[in-house]
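One structure below.
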Amino acid sequence: MNAEPRRTRAAPRRARVVLILAGAYNLAWGGAVIIAPNAGFALMDLDPPTYPQIWQCLGMVVGVYGVGYLIAASDPWRHWPIVLVGLLGKIFGPIGFVYYAAIGQFPWSFGWTIITNDLLWWPWFVAILLGARRRAAADAANADDAPGAGS
């Protein structure tokens with residue numbers, strides 16, 4: 001008889017696929033910003049930043065998030081903290097954008113990047129986090145039911 005608690009099922013394939021897509025997107029977006037920091041501004045008919053190196057640094061951070069998402073894709077339930085950190089960035093980034101656009105410090109036209117970089121991923125990341133929470137609760141309940149638990 002095995003006293004090891006039974007683990008619940010693995011994350012659904014769609015959670016892994018979402019994180020692979022998020023990782024690939026972030027690596028592509030970050031890489032594009034590093035290679036051509038002024039291209040997005042030109043597409044939106046905006047003046048380029050005075051210091052494109054700051055924008056390139058943001059591209060590097062976005063790319064690093066992409067690496068994290070690819071790691072999390074290997075086991076979304078286990079790597080839920082990476083998903084949480086990503087979701088927080090995808091929440092706080094738009095809050096900062098709206099604030100600075102509302103006070104006239106940032107053009108509203110730049111909001112298109114918020115849709116693809118952040119808002120698109122919210123429901124998926126929330127679903128992954130809720131799934132990880134359910135998994136943890138089920139694992140805890142299974143551990144409590146295991147022979148010898150609580151002794």
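Remember, it's a predicted structure, so these values are computed and weren't measured experimentally.
In W122, the CH2 atom is crowded: over 12 heavy atoms of neighbouring residues, nucleotides or ligands sit closer than 6.0 Å. Within a 6.0 Å radius of CH2 in W80, no more than 12 heavy atoms belonging to other residues, nucleotides or ligands are found.
Looking at residues two or more places apart in sequence or on another chain, you find no side chain to side chain contact (heavy atoms under 4.5 Å, CB included) involving L120. With sequence neighbours left out, T116 forms a side-chain hydrogen bond (donor to acceptor under 3.5 Å, both in side chains) with Y25. F110 is linked by a ring-ring contact (aromatic ring centres under 6.0 Å, His included) to F41, W55, F106, counting only residues two or more places apart in sequence or in another chain. By the side chain to side chain contact (heavy atoms under 4.5 Å, CB included) test, V126 pairs with L87, L130, sequence neighbours left out. By the side chain to side chain contact (heavy atoms under 4.5 Å, CB included) test, P12 is found to be paired with R9, R14, A15, W77, residues two or more places apart in sequence or in another chain being considered. When the ring-ring contact (aromatic ring centres under 6.0 Å, His included) test is applied to F125, the partners found at least two apart in sequence or on another chain are Y69. Under the ring-ring contact (aromatic ring centres under 6.0 Å, His included) criterion, W108 pairs with F97, sequence neighbours left out. Not counting sequence neighbours, the partners of I95 by the side chain to side chain contact (heavy atoms under 4.5 Å, CB included) test are I91, F92.
The CD1 atom of I128 sits 12.5 Å away from the NE2 atom of H79 when rounded to the nearest 0.5 Å. Between the CG atom of L119 and the OG1 atom of T113 there is a distance of 9.5 Å, given to the nearest 0.5 Å. The structure places CG of N26 at 7.5 Å from CH2 of W121, a figure rounded to the nearest 0.5 Å. From Q53, atom CD reaches atom CD1 of I34 across 12.5 Å, with rounding to the nearest 0.5 Å. Atoms CG and CG, on L19 and L70 in that order, are 8.5 Å from each other to the nearest 0.5 Å.
Grouped with Y51 in one hydrophobic cluster are I54, the linkage being side-chain heavy-atom contacts under 4.5 Å among Ile, Leu, Val, Met, Phe, Trp and Tyr residues. Under the 4.5 angstrom side-chain criterion for Ile, Leu, Val, Met, Phe, Trp and Tyr, I35 has no cluster partners at all.
When side chains are defined from C-beta on, N38 counts as touching P49, because their heavy atoms get closer than 4.5 Å.
Across A73 and I20, no two heavy atoms sit closer than the pair CB-CG1, 3.6 Å. Nearest heavy atom pair, residue G63 against residue L27, reads O-CD2, 3.3 Å. The heavy-atom pair separating L46 from S109 by the smallest distance is CD2-OG, 3.7 Å.
Note on I115: it clusters hydrophobically with M44, by side-chain heavy-atom contacts below 4.5 Å among ILVMFWY residues.
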After noting the C-alpha distance and the side-chain angles of L58 and V33, does the key distance pass the side-chain contact (heavy atoms from CB on, under 4.5 Å) rule?
CA-CA 8 Å; L58 178 61; V33 168; 5.6 Å; no
